[in-house]
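I have placed the structure first, in the form of structure tokens, so that the comments after it can refer back to it.
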Amino acid sequence: MAFRKPEFNAKKRRLERALTIHDLREIAKRRTPKAAFDYTDGSADSEISLTRARQAFEDIQFTPSILRDVSHVDTRREVLGGTTALPFGIAPTGFTRMMQTEGEIAGAAAAGAAGIPFALSTMGTSSIEDVQQANRNGRNWFQLYMWKDRDRSMALVDRAAKAGYDTLLVTVDVPVAGARLRDTRNGMTIPPTLTPRTVLNALPRPAWWIDFLTTEPLAFASLDRWSGTVAELLDTMFDPTVDFDDLAWIKQQWPGRLVVKGVQNLDDARRLADLGVDAILLSNHGGRQLDRAPIPFHLLPEVVREVGRDTEVHLDTGIMSGADIVAAIALGARFTLVGRAYLYGLMAGGREGVDRAIEILRSQIIRTMRLLGVATLDELTPGHVTQLVRLAPRAALQEERQLQEEA
Ligand SMILES: Cc1cc2nc3c(=O)[nH]c(=O)nc-3n(C[C@H](O)[C@H](O)[C@H](O)COP(=O)(O)O)c2cc1C
């Protein structure tokens, strides 16, 4: 018998106790003011899109193979012309330094250390160049929102190209802002304002406030200072006229790989594949835009079948564990992105918290692969995963029943 050496570093102790992304979420919730936590954790309207997307990952059945040599597991993947150490990257998120002041710099540095790509949002709170410095030897991707001011949008794209970003993600599911009701109810503004309610909420979270008030003030990477609500900001900036011709034009301007983020039906996927984009990212923006949107994980098999031969199909929304990522890869996704899973880590412990989130996902991926009897990601097949039916369109079910009767 041996005594376990006590861990005197409180942050380390806290993070080591987190065994899942859900655990990190609980720590994040305790440590972060309500408005910032809810901005991250919440989604649009009744939050049905996000609940369903997470549920869809829970509603799977894995089918393992036995008696395979899984002593060594290789989690590497070729994605958009480069190798990544794990089959996921960090999704672009806005206002990240408002959640925890280390923000994008922590995310980019942790991604670099883990050998996975980091995506910086147009609404990011660290500059294109600072993020590149934080992840000098790794892959940085830039996410573009097309603004009403086209010249300013394209100036950002030029800066990203000059700084060596290799991939542009064009987000297409925000013609207008979704209705984030938690933000409205919390009176969430950018930057956070001190009201009697925020002060009361701050009392049990002094560390967050001391950190926030003693580090560099919140500023946007790519736009001037703003004071107002998030929805007001989005609706002032975004251009609801953006269409397929604009996308083709952006494609001509950008020298690297191009991903379209926010694809939600088969017809659009086909049209984008015809346009020659490098990847389609099936996503409903983590449920933050249209509520009751299609579940990306349910769309995956048919989109892969239709366009997957020539176009990479990526997926995000709802990923809370490494097993979710393995399931997506088995059903044909080339790559996945995680948004909140990373942000819960960030809010739970800054850079070390992001490292912990990546480590949790990594160990879950490896363990799931071993238990499935596969040693490489390419060995994963749709036969390893059954999507159990809880929610399926009536028409699809009827069709299936008819086919069974005819057989
Ligand atoms: C707090 C937050 C801010 C986000 N900001 C952006 C953004 O600025 N641009 C963008 O394209 N997507 C943004 N997203 C969506 C993410 O890129 C990603 O699609 C989503 O988080 C995936 O779902 P998940 O959080 O369940 O992993 C944001 C998501 C969150 C949670």
Side-chain angles (χ1 to χ4, degrees), residues 18 20-30 32 34-62 88 91-94 99 171 173-174 176-186 188 230-231 234 261-265 281-303 314-328 331 333 336-348 357 360-361 364 385-394 396-397:
T20 65
I21 299 297
H22 290 279
D23 292 344
L24 285 176
R25 178 182 176 278
E26 286 306 314
I27 300 171
K29 189 174 181 179
R30 278 201 306 273
T32 315
K34 183 171 165 53
F37 178 81
D38 276 351
Y39 168 71
T40 310
D41 190 58
S43 45
D45 293 289
S46 313
E47 309 201 348
I48 291 171
S49 288
L50 180 63
T51 307
R52 285 183 182 167
R54 286 182 176 167
Q55 185 73 56
F57 281 116
E58 283 167 23
D59 286 350
I60 59 160
Q61 176 178 283
F62 279 122
F88 68 91
T93 59
M99 298 154 202
T171 298
D173 53 13
V174 187
V176 295
R180 321 259 170 89
L181 301 185
R182 290 201 217 181
D183 295 352
T184 314
R185 291 192 176 116
N186 288 333
M188 225 277 284
V230 179
L234 299 191
K261 177 175 186 286
V263 180
Q264 301 186 63
N265 72 53
L281 173 53
L282 297 176
S283 163
N284 65 34
H285 211 109
R288 298 163 75 81
Q289 286 298 110
L290 177 66
D291 203 15
R292 305 183 224 201
I295 299 166
F297 184 58
H298 282 180
L299 275 176
L300 181 64
E302 58 175 339
V303 171
H314 299 187
L315 176 132
D316 78 19
T317 301
I319 292 173
M320 289 290 280
S321 106
D324 301 345
I325 295 170
V326 171
L331 291 186
T336 61
L337 292 179
V338 297
R340 293 183 185 80
Y342 136 69
L343 295 172
Y344 295 140
L346 180 71
M347 292 186 287
I360 288 171
L361 295 173
Q364 289 169 333
V385 176
T386 308
Q387 291 181 323
L388 303 173
V389 177
R390 186 190 297 251
L391 289 170
R394 276 171 74 99
L397 280 180

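These figures come from a predicted structure and were not determined experimentally. Numbering starts at 1 and runs along the sequence shown.
One finds the CG atom of L331 at 8.0 Å from the CD1 atom of I60 (value rounded to the nearest 0.5 Å). For the atom pair CG of D45 and CG of L50, the computed distance is 13.0 Å after rounding to the nearest 0.5 Å. Taken from CG in L281 to CG in L315, the straight-line distance is 7.0 Å, to the nearest 0.5 Å.
In terms of the side-chain hydrogen bond (donor to acceptor under 3.5 Å, both in side chains) criterion, D324 has no residue partners (sequence neighbours excluded). Under the side-chain hydrogen bond (donor to acceptor under 3.5 Å, both in side chains) criterion, T93 pairs with T96, not counting sequence neighbours. Residues that satisfy the ring-ring contact (aromatic ring centres under 6.0 Å, His included) test with Y342, not counting sequence neighbours, are absent from this structure. In terms of the side-chain contact (heavy atoms from CB on, under 4.5 Å) criterion, residue partners of D38 (sequence neighbours excluded) are, by chain and number, K34, R182, N186. The side-chain hydrogen bond (donor to acceptor under 3.5 Å, both in side chains) check on T317 picks up nothing, with sequence neighbours excluded. Scored by the side-chain hydrogen bond (donor to acceptor under 3.5 Å, both in side chains) test, T171 finds Q143 as partners (sequence neighbours excluded). Considering only residues two or more places apart in sequence or on other chains, A357 meets the side-chain contact (heavy atoms from CB on, under 4.5 Å) condition with I21, L24. Remark: F297 pairs with F57 by the ring-ring contact (aromatic ring centres under 6.0 Å, His included) rule, at least two apart or across chains. Scanning for salt bridge (Lys or Arg N to Asp or Glu O under 4.0 Å) contacts around D59 gives R390, with sequence neighbours left out. Residues satisfying the side-chain contact (heavy atoms from CB on, under 4.5 Å) criterion with E302, sequence neighbours excluded, are L266, L299, R305. The side-chain contact (heavy atoms from CB on, under 4.5 Å) search around E58 returns Q55, not counting sequence neighbours.
Side-chain atoms of S321 come within 3.5 Å of backbone atoms of A323 as a donor-acceptor pair (strictly under, hydrogens ignored).
Residue pairs satisfying the salt bridge (Lys or Arg N to Asp or Glu O under 4.0 Å) criterion with at least one member in residues 283-293, sequence neighbours excluded, are absent.
In plain terms, the two heavy atoms of L290 and A293 that are nearest each other are O-CB, 3.4 Å. For the residue pair G286 and S283, the shortest heavy atom distance occurs at N-OG, 4.5 Å. Closest approach of L361 to A341, counting heavy atoms only: CD1-CB, 4.4 Å. Smallest separation of non-hydrogen atoms from V385 and A327: CG2-CA, 3.9 Å. The heavy-atom pair separating A53 from I295 by the smallest distance is CA-CG2, 4.0 Å.
N284 places a side-chain heavy atom less than 4.5 Å from the side chain of Q264. Between M347 and T40 the shortest side-chain heavy-atom distance falls below 4.5 Å. When side chains are defined from C-beta on, Q364 does not count as touching I325, because their heavy atoms never get closer than 4.5 Å. Counting heavy atoms from C-beta on, the side chains of S43 and R340 come closer than 4.5 Å. Looking at heavy atoms from C-beta onward, I319 lies out of side-chain contact with F88 at the 4.5 angstrom threshold. Taking 4.5 Å as the limit, some side-chain heavy atom of Q289 sits within range of a side-chain heavy atom of R180. Considering only heavy atoms from C-beta on, Y344 comes within 4.5 Å of D41 through its side chain.
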